[in-house]
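Lettering follows sequence order; numbering is per chain, from 1.
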Protein chains: 2
Amino acid sequence: MRDDGDSRNGPDLAERFAAWQDLGLDPHSCPVRDVLSHVGDKWTTLIVAALAGGPHRFGAIHRVIPDISKRMLTQTLRDLERDGLATRRVFPTSPPSVEYGLTPLGRSLLDPLTALVAWAERNHAAIAAARTRFRAET
Amino acid sequence: MRDDGDSRNGPDLAERFAAWQDLGLDPHSCPVRDVLSHVGDKWTTLIVAALAGGPHRFGAIHRVIPDISKRMLTQTLRDLERDGLATRRVFPTSPPSVEYGLTPLGRSLLDPLTALVAWAERNHAAIAAARTRFRAET
DNA sequence: ACACGAGGTCTATAAAAGAGACCGACAGGC
DNA sequence: GCCTGTCGGTCTCTTTTATAGACCTCGTGT
């Protein structure tokens, strides 16, 4: 816990960043980039949010996020399953139903994700204002 | 939806998510999606991390993130500037040099971003293991 | 005069996302 | 028995987005 009383974590992130570079500098072996590319993609966050309250079926997720194509929904769920963040359970009913849920690992992502979402909610007005200002200046 | 009371922030995110839907359900007007699509994109996080330690010049950022094309670097920096997260200062030297830095708003993003990066560092081994397992199963 | 480096832009190509038709199995209506 | 609809996908086609890399302008050092 390196709190120098300054409450700045900028240097913290900068330090880590420098460390990644020293340790190889190869972007392909950088786990942070690999992980963040997932977390950051357009649908992953939304789907994880949708599953945060409990397991949902494929159709239910689709209803909750209407503007995702089935193709992307399937793919994103596969990726989540592959990375151990989500579970996929098939019930041999007819028609078959499939239920997706978060693993403990997936649930552990909710914490930082919620922080990020909270930041977005706090600051979207400021961002919108900045955009308006920027457009006016050019 | 079941609530077994042991997942503290799961319901939190699920609640917010439900609230976004109640409040319009239009994904285009959802500020969180708008903001997260930025934060999540491949380069934004890296560039913000690179600027976390202080302002850097265009070429310096490029040297630190070698595998970004100039085109994407320019574009991502423009977006950060547009959204009020980064500043761009041109020095009339020759050849002209341009310095990019974070605004207070940009620095406020470091907090949640650091949390996310920390999560990625903590869990990338588990994710890699899950991937290996998944590949073996199929 | 020439090449060079800074900070870009432009173009051509590759990768990814989106729309939406289709599928296989079964259930219910007629 | 036949038609229709549902569920959880896959397949194909089109559009969007990213990448690589050539090129540009301007001044400077040699």
Side-chain angles (χ1 to χ4, degrees), chain A residues 26-28 30 33-48 50-51 55-83 86-101 134 137-138, chain B residues 26-28 30 33-48 50-51 55-83 86-101 134 137-138:
Chain A
D26 181 21
H28 298 287
C30 171
R33 288 180 63 165
D34 184 43
V35 170
L36 286 187
S37 75
H38 259 42
V39 170
D41 94 34
K42 187 171 178 184
W43 302 114
T44 302
T45 305
L46 277 170
I47 292 177
V48 169
L51 297 179
H56 286 68
R57 291 175 51 180
F58 185 91
I61 303 171
H62 202 184
R63 245 165 276 130
V64 157
I65 309 172
D67 58 335
I68 188 175
S69 63
K70 286 180 175 184
R71 189 183 174 279
M72 287 316 298
L73 181 53
T74 302
Q75 195 178 108
T76 308
L77 285 168
R78 281 285 126 79
D79 284 352
L80 286 171
E81 191 196 355
R82 181 173 60 96
D83 289 359
T87 55
R88 177 175 185 272
R89 290 198 306 158
V90 181
F91 296 93
T93 58
S94 79
S97 65
V98 181
E99 197 183 68
Y100 292 91
F134 188 85
E137 279 169 11
T138 50
Chain B
D26 181 19
H28 298 286
C30 171
R33 288 180 65 165
D34 184 43
V35 171
L36 285 186
S37 75
H38 259 43
V39 170
D41 94 34
K42 187 172 177 184
W43 303 113
T44 302
T45 305
L46 277 171
I47 292 177
V48 170
L51 297 180
H56 285 67
R57 290 176 50 180
F58 186 90
I61 302 171
H62 202 184
R63 244 165 277 130
V64 157
I65 310 171
D67 59 334
I68 187 175
S69 63
K70 287 178 172 185
R71 190 182 176 280
M72 286 316 296
L73 181 53
T74 301
Q75 194 177 109
T76 309
L77 285 168
R78 281 287 128 78
D79 284 351
L80 286 171
E81 191 196 354
R82 182 173 58 96
D83 288 359
T87 55
R88 178 177 186 271
R89 289 199 304 157
V90 181
F91 295 93
T93 58
S94 77
S97 63
V98 181
E99 197 183 68
Y100 292 91
F134 188 85
E137 278 168 12
T138 48

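Closest approach of A:F58 to A:K70, counting heavy atoms only: CZ-O, 4.2 Å. Nearest heavy-atom pair across B:L51 and B:I61 is CD2-CD1, 3.8 Å.
Nearest-nucleotide assignment on DNA chain C puts the 5′-proximal partner with B:V90, out of A:I68 and B:V90. Residues A:P95 and B:K70 each lie close to DNA chain C; by heavy-atom proximity, the contact nearer the 5' end of the strand is made by B:K70.
Among the nucleotides D:dG9, C:dG7, C:dA17, the one closest to the side chain of B:V98 is C:dG7. Nearest nucleotide to the side chain of B:S69, out of C:dG8, D:dT19, D:dG9: D:dT19. For B:S94, counting side-chain heavy atoms from C-beta on, the closest listed nucleotide (D:dT10, D:dT28, D:dA18) is D:dT28. Listed candidates were D:dA20, C:dA19, D:dT10. Nearest to the side chain of B:R71 is D:dA20. Nearest nucleotide to the B:R88 side chain, out of D:dT10, C:dG7, D:dG8: C:dG7. Of the candidate nucleotides D:dC7, D:dT10, C:dT9, D:dT10 has the atom lying nearest to any side-chain atom of A:T74.
When rounded to the nearest whole Å, the span between CD of B:Q75 and P of D:dA20 equals 14 Å. The separation between A:D79 atom CG and C:dA17 atom P is 9 Å, rounded to whole Å. For the pair B:I47 CD1 and D:dA18 P, the computed distance is 12 Å after rounding to whole Å. Between the CG atom of B:D41 and the P atom of D:dT17 there is a distance of 12 Å, rounded to whole Å.
With hydrogens and angles ignored, the 3.5 Å screen pairs a side-chain donor or acceptor of A:T93 with a backbone N or O of A:P95. A donor-acceptor pair is defined here as one N or O able to donate and one able to accept, closer than 3.5 Å; such a pair exists between the side chain of B:H62 and the backbone of B:I68.
For D:dT17, the OP1/OP2 oxygens have no side-chain nitrogen or oxygen of B:W43 closer than 4.0 Å. Applying the 4.0 Å criterion to OP1 and OP2 of C:dT9, one finds that B:R78 has a side-chain N or O inside that range.
Residue A:Y100 forms a side-chain hydrogen bond (donor to acceptor under 3.5 Å, both in side chains) with just one option from A:R89, A:H56, A:R88, and that option is A:R88.
Note on B:F91: nothing from the nucleic acid sits closer than 4.0 angstrom, heavy atoms only.
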